Amino acid sequence: MDKRIKTGIPGLDSLTDGGFIQNCVYLLTGETGTGKTLFGCQYIWQGLQKGEKGVYISMEESPQDIRADALVFGWDFEKYEKKGLLKILYHDPVQVDKLGTAIQNEVMNLKANRLVLDSTAAMGLAIDDKSIIRRRIASLVNTVKRHKQCTTLIITEIPEGSKSLSRFGVEEFVADGIVVLNYLGMGDDTARSLQIRKMRRTGHGMDVYPFSISKKGVAIKKGGL
Ligand SMILES: Nc1ncnc2c1ncn2[C@@H]1O[C@H](COP(=O)(O)OP(=O)(O)OP(=O)(O)O)[C@@H](O)[C@H]1O
Ligand SMILES: [Mg+2]
């Protein structure tokens with residue numbers, strides 16, 4: 001039986017047979033401002049509440065900004081960093097060749113249970129050749145899978161108006177599951193929605209599920225559309 005890791009996103013685990021599968025790699029994608037970083041922080045925070053250690057590697061925002069973003073929701077990351085249960089670090093996307101080693105070291109040193117990489121979109125800033133980036137992403141996935149206790153969330157982005165699911169078109173193939181966040185921009189109750197596009201070894205909900213962002217973070221609304 002696969003061990004399930006609760007995402008901590010209210011309403012999501014019941015749509016996915018109890019959550020993510022331990023040691024799998026999930027892709028969280030969507031256009032800009034859809035709540036991906038927030039989802040990633042919530043995933044890490046919920047793990048910490050269960051005694052699961054986390055690593056958050058940001059290639060966009062600084063660790064200070066990530067801490068400040070999380071604190072708005074009452075998630076005091078610094079407390080856990082001081083206890084050695086959480087590591088938040090910035091990785092310069094220009095040094096994408098060193099990312100695999102950085103991930104390997106951090107996850108190994110902390111024996112992390114949850115890893116978030118935010119986001120692959122930044123990799124394009126340093127390297128023009130997409131085939132190199134694709135190979136790097138595929139190799140990253142292999143690296144994190146060597147750590148059996150670790151369940152990974154890779155954030156990517158859907159270029160505005162694009163039909164693709166990720167920035168480099170490889171992320172969706174190497175991931176075991178894909179969650180897509182949408183924002184319709186209508187400002188009403190149904191403006192934000194979530195879709196599960198793939199989830200290996202899991203029967204999952206097929207609908208488009210409206211979700212909200214409130215003081216408590218991301219939550220799927222009951223009842224569906
Ligand atoms: N306290 C809050 N209450 C309600 N909504 C919020 C709150 N904080 C953030 N949001 C919403 O979440 C959005 C930002 O979420 P987040 O930074 O996670 O998005 P993202 O998908 O990571 O964006 P990017 O592509 O820029 O990295 C904001 O644009 C805002 O709409
Ligand atoms: Mg973000």
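On a predicted model such as this, the values are computed, not experimentally measured, just so you know. For the single chain, residues carry numbers from 1 onward in sequence order. Whatever order the structure lists ligands and atoms in, that order sets their numbers, starting from 1.
Looking at Gln104 and Thr143, their side chains never bring a donor and an acceptor atom within 3.5 Å of each other.
Summarising the local packing, NZ of Lys111 is surrounded by 12 or fewer heavy atoms from other residues, nucleotides or ligands at distances under 6.0 Å. The number of heavy-atom neighbours closer than 6.0 Å to OH of Tyr90, taken from other residues, nucleotides and ligands shown, is above 12.
With Glu81 as the partner, the salt bridge (charged side-chain N to carboxylate O under 4.0 Å, His left out) test is satisfied by one option alone out of Arg67, Lys87, Lys53: Arg67.
Within 4.0 Å of ligand 1, counting heavy atoms only, the contacting residues are Thr32, Gly33, Thr34, Gly35, Lys36, Thr37, Leu38, Glu60, Val72, Phe73, Arg192, Ile213.
Aromatic rings of Phe73 and Trp45 (six-membered ring for Trp) have centroids beyond the 6.0 Å cut-off, not under it.
Thr37 lies close to the Mg ion (ligand 2), since one of its N, O or S atoms is found at a distance under 2.8 Å.
Annotation: side chain to side chain contact (heavy atoms under 4.5 Å, CB included) contacts of Pro10 (sequence neighbours excluded): Gln42, Ala219.
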